[in-house]
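Proteins get letters first, then strands, A, B, ... in listed order; numbering begins at 1 in each.
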Protein chains: 2
Amino acid sequence: MTVVRSPARAPSPRRRAILDAAAGLFAARGFHGTPIEEIGAAVGISGPALYRHFPGKEALLAEMLLDVSERLRAAGDERVTRAAGPQEALDALIRGQIDFALDHPALITVHDRELGNVPEPSRRQVRRLQRLYVEEWVTVLAELYPGAPPPRLRAATHAVFGLLNSTPHSAGELPREAMAVLLHGMARAALATMVNQD
Amino acid sequence: MTVVRSPARAPSPRRRAILDAAAGLFAARGFHGTPIEEIGAAVGISGPALYRHFPGKEALLAEMLLDVSERLRAAGDERVTRAAGPQEALDALIRGQIDFALDHPALITVHDRELGNVPEPSRRQVRRLQRLYVEEWVTVLAELYPGAPPPRLRAATHAVFGLLNSTPHSAGELPREAMAVLLHGMARAALATMVNQD
DNA sequence: TGCCGATGTTAGTCATCATTAACGAATTCG
DNA sequence: CGAATTCGTTAATGATGACTAACATCGGCA
């Protein structure tokens with residue numbers, strides 16, 4: 001018998017293609033609104049062929065969200081340790097989130113929309129990774145703005161995620177780099193209000 | 001000619017209850033993930049009884065989103081005209097959006113998640129109302145920050161919506177008024193970057 | 001009193017899926 | 001050469017779920 005199920009063992013191009021196509025479709029029509037048939041069609045195979053690559057539709061979603069959460073967390077982790085000081089770390093986190101959101105708007109959308117459809121073993125894992133990522137931000141912010149209570153910093157972090165992840169909604173309003181600069185400035189300014197204690 | 005379908009003719013309490021329950025369920029499980037049976041159960045009636053109040057599931061969603069869009073737009077409109085100057089108008093818009101998001105997190109969630117499931121006559125209408133609301137913000141911002149090109153203002157507006165609508169994600173982090181104050185400050189600060197021309 | 005509209009109920013009906021079966025071709029490698 | 005593994009294909013199969021039918025109940029009210 002084979003191993004239980006190693007998530008990202010041999011990333012065959014077919015698997016990749018399926019995950020990419022599914023991300024777009026889930027973002028556009030939602031998990032329940034997307035028949036497995038269409039996912040197959042999007043990569044040139046038809047319907048049940050997906051089961052040669054994933055144990056099921058939910059497992060596909062689970063792998064997708066685990067991958068996103070892990071990539072975000074890992075990237076954040078690396079950027080923070082690479083940074084010289086807290087301000088630099090914060091800028092790196094912001095820039096990282098912006099790049100990801102601009103590069104993969106569909107993944108961002110699915111990530112905060114479909115967690116409820118991930119089956120339970122994986123759901124907890126995704127949540128854990130999300131929490132770690134948030135705490136990464138909170139830690140940096142706490143260094144930068146000591147005196148601000150952590151719940152406040154957590155709420156502010158979520159708010160900034162909302163701001164940065166707005167990208168899928170304002171698609172095409174501005175060229176990419178202009179959008180990146182705009183969002184970066186807004187995020188920085190929004191977080192700078194953490195200095196006030198009121 | 002009459003209007004397409006007078007949305008809120010006689011708001012019977014039953015109708016209200018159904019819309020409220022459906023909002024919560026759609027936010028939690030998604031439109032396609034919520035059987036009509038559960039909506040009924042949530043208000044004490046069972047399943048197909050809904051058809052005594054709405055022509056169908058999609059129509060229910062349509063009415064819900066039309067109502068939200070209309071309320072947001074109308075409230076914004078009124079607040080702006082009531083305000084003395086642009087800064088005051090902006091603060092009123094921000095405060096209005098925050099109050100709505102804090103009072104009706106489910107509606108906020110459904111509003112930007114399920115538009116794709118609204119059938120076509122209504123979808124256009126919802127989009128129109130959303131656009132009007134955004135333009136309301138853009139107009140105020142243009143007065144406050146002349147020199148900033150409208151696309152930039154539009155993108156910034158969407159970003160601030162993302163920030164303010166983050167409330168459902170950070171539920172319970174802070175007491176309500178603290179959250180309102182926090183978000184207001186962040187939104188203001190984020191928009192203040194519109195003065196820079198870079 | 002006796003009809004009626006409003007509001008429910010429970011049993012179909014019909015589609016739409018996810019998932020599985022049964023079966024083929026191609027590639028690997030013994 | 002052949003068996004086995006891989007990756008597809010097209011028919012079931014079975015649930016689920018929206019919507020419709022047929023049938024109560026009940027509060028007016030002519």
Side-chain angles (χ1 to χ4, degrees), chain A residues 1-3 5-6 8-26 28-65 110 114 116-123, chain B residues 5-6 8-26 28-65 110 114 116-122:
Chain A
M1 64 158 170
T2 61
V3 185
R5 187 175 304 291
S6 38
R9 240 40 252 280
S12 89
R14 199 25 77 83
R15 260 178 95 80
R16 243 297 114 56
I18 293 173
L19 284 167
D20 286 356
L25 290 168
F26 289 168
R29 310 240 254 276
F31 179 73
H32 287 300
T34 309
I36 221 153
E37 159 81 33
E38 288 196 32
I39 304 175
V43 299
I45 68 186
S46 229
L50 289 188
Y51 289 84
R52 298 295 175 195
H53 303 274
F54 298 91
K57 201 188 177 191
E58 287 188 336
L60 194 164
L61 178 68
E63 183 166 328
M64 187 167 119
L65 292 204
V110 176
E114 306 290 3
N117 292 311
V118 174
E120 201 27 286
S122 309
R123 176 153 19 154
Chain B
R5 177 187 298 288
S6 40
R9 240 37 253 278
S12 90
R14 200 24 76 82
R15 262 178 92 81
R16 245 294 115 54
I18 293 173
L19 284 167
D20 286 356
L25 290 168
F26 289 168
R29 310 240 255 278
F31 179 73
H32 287 301
T34 309
I36 221 154
E37 159 80 32
E38 287 195 32
I39 303 174
V43 299
I45 66 186
S46 230
L50 289 188
Y51 290 85
R52 298 296 175 192
H53 303 274
F54 298 91
K57 201 187 175 191
E58 287 188 335
L60 195 163
L61 178 68
E63 182 166 329
M64 187 165 118
L65 292 203
V110 176
E114 306 291 3
N117 292 311
V118 174
E120 199 28 284
S122 309

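Distance B:Glu58 CD to D:dG17 P: 16 Å, rounded to the nearest Å. In this structure, A:His32 atom NE2 and D:dG17 atom P are separated by 9 Å, rounded to whole Å. Between B:Ile36 atom CD1 and C:dG8 atom P the separation is 14 Å, expressed in whole Å. As a whole-Å value, the separation of B:Tyr51 OH from C:dT7 P is 17 Å. Spacing between atom NZ of B:Lys57 and atom P of D:dT20 amounts to 15 Å, rounded to whole angstrom units. Atoms CZ (A:Arg14) and C1' (D:dC7) sit 9 Å apart, rounded to a whole Å. Rounding to whole angstrom units, CZ of residue A:Phe54 and P of D:dC7 are separated by 12 Å. At whole-Å resolution of the value, CZ in B:Arg29 and C1' in D:dG17 are 14 Å apart.
The two residues A:Ala42 and A:Leu25 come nearest to each other via the heavy atoms CB-CD1, 4.2 Å. Of all heavy-atom pairs spanning B:Arg29 and B:Thr34, the tightest one is CB-OG1, 3.7 Å. The nearest pair of heavy atoms linking B:Glu114 to B:Phe26 is OE2-O, 4.1 Å.
In this structure, of D:dC19, C:dT9, C:dA18, it is C:dT9 that holds the atom nearest to the side chain of B:Ile45.
Between A:Arg52 and A:Ile45, every side-chain heavy-atom pair lies at or beyond the 4.5 Å cut-off. Here the side chains of A:Phe31 and B:His32 are not in contact, with every heavy-atom distance at 4.5 Å or above.
One finds the CG atom of A:Leu61 at 10.0 Å from the CG atom of A:Leu19 (value rounded to the nearest 0.5 Å).
Phosphate contact (OP1/OP2 of C:dA6, side-chain N/O of B:His53, threshold under 4.0 Å): absent.
When heavy atoms are screened at a 4.0 angstrom cut-off, B:Gly47 is found touching no nucleic acid atom at all.
With respect to A:His53, the side chain to side chain contact (heavy atoms under 4.5 Å, CB included) criterion is satisfied by exactly one of A:Val43, A:Ile18, A:Leu60: A:Ile18.
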Check your understanding: Which parts of nucleotides 21-26 of chain D does protein reach within less than 4.0 Å, heavy atoms only, written one letter per nucleotide 5' to 3' as B for base, S for sugar-phosphate only and - for none?
Key -> -B----
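Taking the nucleotide of DNA chain C with the nearest heavy atom to each of B:Ala49 and A:Thr34, the more 5' of the two is matched to B:Ala49.
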